[in-house]
Every structure is written in structure tokens, then in C-alpha cells.
Amino acid sequence: MSDKKLTLETLESWLWDSANILRGSIDSSDFKNYIFGLLFLKRSNDVFEEEVEAIMKRDGISRQEAEEETYFQLPVESRWETIKKETENIGIALDKAFAAIERENTTLEGVMTATKFGDKEKLSDELLQRLLRHFNQHSLRNEHLASNDLLGDAYEYLIKMFADDAGKKGGEFYTPRGVVQLIVQLIKPEPKQKIYDPTAGSCGMLIESARYIANLPDGKVGNNVNVSLYGQEKNLGTWAIGKLNMLLHNYSDADIRKGDTLVDPKHRNDQNDLMLFDRVIANPPFSMDGWWTPAENSIEVKLDKAGKEKKVTPDYKKVVSDPYGRFQYGVPPRGYADLAFLQHMVAVLKQDGKAGVVLPHGTLFRSGAEGLIRKGLLEADLVEGIVGLPSALFYNTGIPASIWIINKNKTEAQKGKVTIIDASSDYKEGKNQNELLAEHVAKIVNAYDNATDVDKYMRVVDVAELAENDFNLNISRFIDTSEAEVEVDIKAVHIKLDELEQREANIDAKLTKFLKELGV
């Protein structure tokens, strides 16, 4: 291993090469689970060794005594040197190593064992030996890293690369960074606040919120960002990735829970009421079907006239019973969870709180139950703004999406109004996905913050006008982006045609003369 400081470029290349070792053995959408597990194991080993040596030098004590005083406990079976010696059943040895880390460090319970290395059908001993040798190339001690943010930055790079590689499945754990930065800059989190993501994925939105706060006055206390981060994620593997992401960004006290937020929100106080937050930020799965699990798990089966079994589609208006009273504006339909997530976010906002959420365009104009919910939200004056995004920004869908900004404490100028922006043309075209660049984010945020109408781009619309439009928020109803047709001067066109006909006749005459001279 080299003693040179490890740069971000080297680290990114090295980690991506580890994914290429796995290629062909497992599905690309699963690369992240294995690579991040090994990255954390190597990192924790190197930092443990670094800390043990520092304690021995500082206190003049033995290695055994120093090992008992470290912040992070690393059992013998979890040590890199122990695992490197294994030549058979390496995957089982890794599974035992991760289980031992969880046993000694309760905050990591369920995180390290979310991925199983012991399946030889997927991961042979030879393949795992190659991976371990690859991970042994560089030291991840703090003293060997070019900056304190290096591992966090590399982790973000890998999450994006894995999302690119996984295609549609990438949308399950990754929101494009430009979209995340846009929402953060629209809801403007502040120091000392509690920030929450009910569909946290790999926790990129929470980390970007903390990064924003770190650059504000009083945004940091010593080396720590002055913020409390909370999140919940349903998918076990993604939850584990998010927890590791927090650790590698030095947010070890972030409260990231696993479970279904709609059915079983985990962040509750001692009275079993929902915890409240200053800012809520999310990118829920678009138009999730069958979102109320208790109803889906107890679907009634009846016999039709032909005697065949037929499942009875549950009526969500009747079967959804939320003990937390979150769906006060109405129960969304079975096929679209979007406004269930939005109402959850409204319910957990403090009275002066703001939320920003990505939802599909359909939430702006679909009728029925969703139309009634939208009407209720607008009449309650909770919607501060709507930003229509370009199409093809997300991995799991090509359809355009919108950002809803919810504000429970509007200023006098904002009351009874909704800021609507058509940002559908603000993007850089890409091969597979379009991209929001910093310049696009700045343009949108500046227009939004100025709250002054911009022709063909932004309008501040009275709720009364929205009511006249049956509370339909379809952006094209309020912002006309069409270009005026150029008026055609018929007389001028005729004169031009006459000129062209005369020129054609002259050319024909010259050509006939030349052909005669040539004897043709």
C-alpha cells in the first residue's frame, strides 16, 4: 500500500473497479450492497488500527488495553487480517465478521447483515479473494485521505454510478443531485432544525440538507453540522446503504429507521404521536400501487358466476384507517400513493414548517379522490409553490415530474397565492437521462424567491383563480409557453414567387443557348 494521500479521483476509480470484479456474477442493481459492505469493513479496520495506535502512544499502554478504549469496537473475527487468511468459505467468514460488528456496535444492528456474502452460487471463494486483494490496495486511515469529506464524496459518486448501471432500478435508491439541490434551496433548511425524509433511500436528500446548513452562519458547532437528521426507508438493502452513507459522511447520530412509512411511521414520541419536524423533504416512489398493506394482505376472494375464484379489489375509502389521522383531506386511490405521502409530510410538519416533495405530474390534475385532496390542500392555503420539471430526469421513469412546496406558515405576501414555475426547458440533454445543472437550479430558485411574474416561465397565481379552474394545477393552464405564429404577408410572398419564376426562365434560356452552341 502506498503512503501517498488518497485522492478522490483515485478512490473513485479504485472503488468502481471493485464493481467490475463482480460484473457477471451478480445483478448490477445489487453491486452497491456488496461493495459498500466491504468498503465499510476496510474503513472501520483502518480507522480502528489508527485509533489503537494513537491511544497506545498517548497513554503508554498495551495494545490489548488500547483496543478496549476505542470508540468503535472491532471483534477479532471482524479484523481485516483475520479475514485475509481465509482461503475457503470466505463468504461465511465475511457474514460472521459483519454479524460480530453489529453485536458489538448496537447502532449498526441490521445494517451490516442486510447483505449475505455466504452464497457460493453467487460469490465463489476465488471471486471474494480477488475482491479482498483489490480492497487491500489502499489504506483508508484518516491520515492517508486527502480530505475529511473524501469517503462521503466517493460514496455519493458510487451511488450515482450504481444507479446509472442499474437503470430503472436505480430510481429506487437515488434521486439526481440537481433535483435534490433544487428542493433544498427552495425549502431553505436552517441551523438547529430537525429535518426528515419519509422515503429516505440512500439518504442523499438529508445529506444535501446538512451540507446546505453547514455553509450558513452558525451552521456548524466545531466539526459537526448544527442539525438533526431523521429518515425512514422501507427497502432493507437501501436502508442499510443509507445508514452507511450517513456514517461515511460523519452523521453517526442520524436517526434512520426501517419500515413502511405509510402503514407504520416509526418516528413517534412517548405519547405515540407522530414526531414533528421543521423541514420535510422527499422523493417517494412515483404512483405506488396497493400502498395500504393491511388491505392488500387481506384481499377477499369470491366465486364468480362461472365458479372461478376472483379477488375483490379493496375500496380504500372504506378499508384505510389511519390511527394518526394523516389523511384529513381524503384517502388517495389504491393505484396512486403520491398524495398519501404528501399528506403524511403535512401531518409531521411543525406549525412553521416547510416541505418539498417530488411527485409525478398527474398529481397536479388527476380528478376523483386526488382532485378533492388537492382542493383541500389549496383551500387550506398549504401549497406555496409548484415547479414543473423537465422530462427524463429520473432513472425509473421518463415522465416529467413536479416539485410541491408546502408551507404551514406563509408570509402575508404568500397567503392566498401559489407560485407556479414551468422549468420544463431547464436541463442539459443526456444520452439516457437529462440533467439539472447548477445554472438551472440557480435560475429556478432566483425566479421563485423573487416571486415576480416572468413571461412564459413563472406566475404567482391567486387561489381564487385556481378555484375557477376546479383546483386543477396543470401548469399549461397558467403559463402559456407557446410562441406566437409569424404573420404571413401574402402579397410579399406572391412578389417573391414571381421573382423566382423570372429567374428560372432566365436560367432555362441560358441553358438552351449553351446546349445549341455545343450542338446538342
With a 4.0 Å cut-off, would you call [X] and [Y] a salt bridge?
X	Y	result
Asp260	Lys234	yes
Glu156	Lys160	no
Asp27	Arg23	no
Glu67	Arg79	yes
Lys5	Glu143	no
Lys188	Asp449	yes
Asp125	Lys120	yes
Lys350	Asp278	yes
Lys32	Asp30	no
Glu435	Arg177	no

Scan side-chain atoms only and decide if [X] and [Y] contain a donor-acceptor pair under the 3.5 Å cut-off.
X	Y	answer
Thr113	Glu102	yes
Thr10	Thr7	yes
Asn245	Ser202	no
Ser62	Glu65	yes

Can we call the ring centroids of Phe98 and Phe40 under 6.0 Å apart? no
Aromatic ring proximity, centroids under 6.0 angstrom, Trp14 and Phe135: yes
Please state whether the rings of Tyr196 and Phe277 are parallel, tilted or perpendicular, taking 30° and 60° as the class boundaries. parallel
Can you label the angle between the Tyr155 ring and the Phe36 ring as parallel, tilted or perpendicular, going by 30° and 60°? parallel
Distance-only, no hydrogens or angles: does the [X] side chain make a donor-acceptor pair with backbone N or O of [Y] under 3.5 Å?
X	Y	value
Ser78	Ala97	yes
Gln193	Glu190	yes
Trp239	Ile256	yes
Asn105	Leu108	no

What do the steps show when you test Ile386 against Leu364 for side chain to side chain contact (heavy atoms under 4.5 Å, CB included), and what is the final call? CA-CA 9 Å; Ile386 300 289; Leu364 301 176; 3.7 Å; yes
Do other residues, nucleotides or ligands put more than 12 heavy atoms under 6.0 Å from the [atom1] atom of [X]?
X	atom1	result
Glu77	CD	yes
Lys96	NZ	no
Glu9	CD	no
Asn223	CG	no
Asn20	CG	yes

Any side-chain heavy atom of [X] within less than 4.5 Å of one from [Y]?
X	Y	answer
Asn136	Lys84	yes
Val348	Arg326	no
Leu206	Tyr230	no
Ser25	Lys122	no
Tyr212	Ile195	no
Leu262	Met288	yes
Leu22	Ile35	yes
Gln129	Ile90	yes

Are Asp422 and Ser424 close enough, and set up right, to give a side-chain hydrogen bond (donor to acceptor under 3.5 Å, both in side chains), and what steps lead you there? CA-CA 6 Å; Asp422 181 353; Ser424 57; 2.6 Å; yes
Qualifying residue, where the test is side-chain contact (heavy atoms from CB on, under 4.5 Å) with Cys203 and the options are Glu233, Lys243, Met246: Met246
For Leu140, which of Leu150, Leu248, Asn45, Leu39 qualifies under side-chain contact (heavy atoms from CB on, under 4.5 Å)? Leu39
For Tyr157 and Leu15, run side chain to side chain contact (heavy atoms under 4.5 Å, CB included): C-alpha distance rounded to whole Å, both residues' side-chain angles, the deciding distance at 0.1 Å, then the answer. CA-CA 10 Å; Tyr157 160 82; Leu15 291 173; over 6 Å; no
Write down the atom of Ala340, the atom of Pro332, and the distance for their closest heavy-atom approach. N-CG, 3.4 Å
Hey, could you give me the [atom1]/[atom2] distance between [X] and [Y], rounded to the nearest 0.5 Å?
X	Y	atom1	atom2	answer
Leu145	Leu11	CG	CG	7.5 Å
Leu6	Gln137	CG	CD	10.5 Å
Trp291	Asp289	CH2	CG	11.5 Å
Arg130	Ile21	CZ	CD1	5.0 Å
Leu389	Asp426	CG	CG	9.5 Å
Gln232	Thr261	CD	OG1	3.5 Å

Decide side-chain hydrogen bond (donor to acceptor under 3.5 Å, both in side chains) for Thr293 and Glu296; before the verdict, give the C-alpha distance in whole Å, the side-chain angles of both, and the deciding distance to 0.1 Å. CA-CA 5 Å; Thr293 314; Glu296 300 301 322; over 6 Å; no
Candidate pair Val180 and Asn283, rule side chain to side chain contact (heavy atoms under 4.5 Å, CB included), full reasoning: CA-CA 9 Å; Val180 179; Asn283 175 18; over 6 Å; no
Verify salt bridge (Lys or Arg N to Asp or Glu O under 4.0 Å) between Lys116 and Asp95, making sure each step is shown before the conclusion. CA-CA 6 Å; Lys116 304 299 180 190; Asp95 287 340; 6.0 Å; no
With side-chain hydrogen bond (donor to acceptor under 3.5 Å, both in side chains) as the criterion, how do Asp338 and Ser287 come out once you've worked through the C-alpha distance, each side chain's angles and the decisive distance to 0.1 Å? CA-CA 6 Å; Asp338 309 303; Ser287 302; 3.1 Å; yes
Matching residue for Tyr448 among Gln185, Lys443, Glu384 - test: side-chain hydrogen bond (donor to acceptor under 3.5 Å, both in side chains): Glu384
The test is side chain to side chain contact (heavy atoms under 4.5 Å, CB included); show your working for Arg268 and Tyr324 and say whether it passes. CA-CA 10 Å; Arg268 304 192 295 269; Tyr324 307 104; 3.3 Å; yes
